Asker: 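Can you keep this structure in mind? I'll have questions shortly.
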Amino acid sequence: AEPVSTDTAAKLQQWLAWGYQGDMQWMVNHMEKRLNPGSLMEGARSIVCVAMNYYTPEPPGDSIKIARYARGTDYHDVVKKRLKQLLLEIQKVAPNVQGRALTDSAPILEKPLAVQAGIGWMGKNGNVIIPGLGSWVFLGELLLDIVLDYDVQPEPNHCGACRRCMDACPTGAIVQDSVIDANRCISYWTIESKAESFPPAIAENLNGWAFGCDICQEVCPWNIKFARATEEPEFQPRPLNQNPEPQKLLSLTEEEFREAYRKSPVKRAKLSGFQRNIRHALTGQPQTE
């Protein structure tokens, strides 16, 4: 549980200096914790990094598409529950161990830590790719106050000269190897952005994506060859997310939206943002109506 490498810190600072975080101010906040994950828990000595497969083979939809990660129950709940179970198992062996479970729920650089732990390598699309599985995974961390035997051999990068993800991105968001400009990213605009309308370059290239985007993962040879269906029931698509019906989604009330997307990642966009996305996806135009 030591500070991230100088190279990792420099890459993050350069990414922020370029403004590639868009309006995600939280990427700037708590920088001292982000660069020193051990500071997220008093007495932290070690970080256990994990990955959990969420891939479901169902097609993303016709006119409206929702990213695979968001079709089932919110991964924060599922992965954190598993991590807490892992901590309980550890405490059976070492009863006095204290820990903290994290999954994209604190200022922590999950992907560089996963690479350092040997889970996989950083793909050109900015996702961690795992040999024999691909990149359809959620990441998580368990901070512990004990010293462990550490993995010290990172997985070699196997992307090679392949640039399918970079070439397939309709908005050119992958500006260089493993560097994503959120200002050009469909996932950023349909999940994080609070703007009332999208820039034409985004609206005209949504290709039906109304929450997130999976294009750079769908074209990855490692996913095409190795992806396998998750065995986690909570990651199975909810009915509304299987080939979504646009008019049904556009007619949802606030109460209906809250009930339909309770414990779902989709709720992050709020009803107004979700319906904004759907209108854009249907028309391919930058206007809001």
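Here the structure is a predicted model, which is why all the values come from computation and not from measurement.
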Asker: Does any non-hydrogen side-chain atom of Cys165 lie less than 4.5 Å from one of Cys220?
Answerer: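 No - every pair of side-chain heavy atoms lies 4.5 Å or more apart.
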Asker: When you look at CD of Glu42, are more than 12 heavy atoms from neighbouring residues, nucleotides or ligands closer to it than 6.0 Å?
Answerer: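 Atom CD in Glu42 is not crowded, with 12 or fewer foreign heavy atoms closer than 6.0 Å.
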Asker: Below 4.5 Å, heavy atoms only, C-beta onward: do Glu218 and Trp136 meet side chain to side chain?
Answerer: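 Heavy-atom side-chain distance check passes, below 4.5 Å.
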Asker: Quick one: does Pro112's side chain get under 4.5 Å of Val4's, heavy atoms only?
Answerer: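 In short, these two side chains do not touch, never coming nearer than 4.5 Å.
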Asker: Quick one: do Asp74 and Lys267 make a salt bridge, cutoff under 4.0 Å?
Answerer: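 A salt bridge is present here (some side-chain N lies under 4.0 Å from a carboxylate O).
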Asker: Enumerate, atom names and distances included, each donor-acceptor pair closer than 3.5 Å involving a side-chain atom of residues 14-32, sequence neighbours excluded.
Answerer:
unit_1: Trp15; atom_1: NE1; unit_2: Ile180; atom_2: O; d: 2.8
unit_1: Gln25; atom_1: NE2; unit_2: Asn29; atom_2: OD1; d: 3.3

Asker: Do other residues, nucleotides or ligands put more than 12 heavy atoms under 6.0 Å from Lys194 NZ?
Answerer: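 Check passes, neighbour count above 12.
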Asker: Determine whether the aromatic ring centres of Phe235 and Tyr69 lie less than 6.0 Å apart.
Answerer: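 No, they do not, as the ring centres are separated by 6.0 Å or more.
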Asker: Is the number of heavy atoms from other residues, nucleotides or ligands within 6.0 Å of CZ (Arg45) greater than 12?
Answerer: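 Atom CZ in Arg45 is not packed in, count stays at 12 or less.
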Asker: Could you tell me whether the side chains of Asp181 and Tyr188 share a donor-acceptor contact shorter than 3.5 Å?
Answerer: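 No - no donor-acceptor pair under 3.5 Å links their side chains.
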Asker: NZ of Lys80: more than 12 outside heavy atoms within 6.0 angstrom?
Answerer: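 Counting neighbours around NZ of Lys80, more than 12 heavy atoms of other residues, nucleotides or ligands fall under 6.0 Å, so yes.
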Asker: With His280 as reference, evaluate Phe198, Trp189, Phe211, Phe274 under the ring pair (Phe, Tyr, Trp, His ring centres under 6.0 Å) test and give the passing residue.
Answerer: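 Checked Phe198, Trp189, Phe211, Phe274 against His280; only one passes ring pair (Phe, Tyr, Trp, His ring centres under 6.0 Å): Phe198.
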Asker: Do Glu58 and Arg71 sit within salt-bridge range, that is, some charged N less than 4.0 Å from a carboxylate O?
Answerer: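 Result for this pair is no, no salt bridge flagged.
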Asker: Under the criterion side-chain hydrogen bond (donor to acceptor under 3.5 Å, both in side chains), I'd like the reasoning laid out for Ser135 against Asn125: C-alpha separation, chi angles, the key distance, then a yes or no.
Answerer: CA-CA 10 Å; Ser135 64; Asn125 59 8; 4.7 Å; no
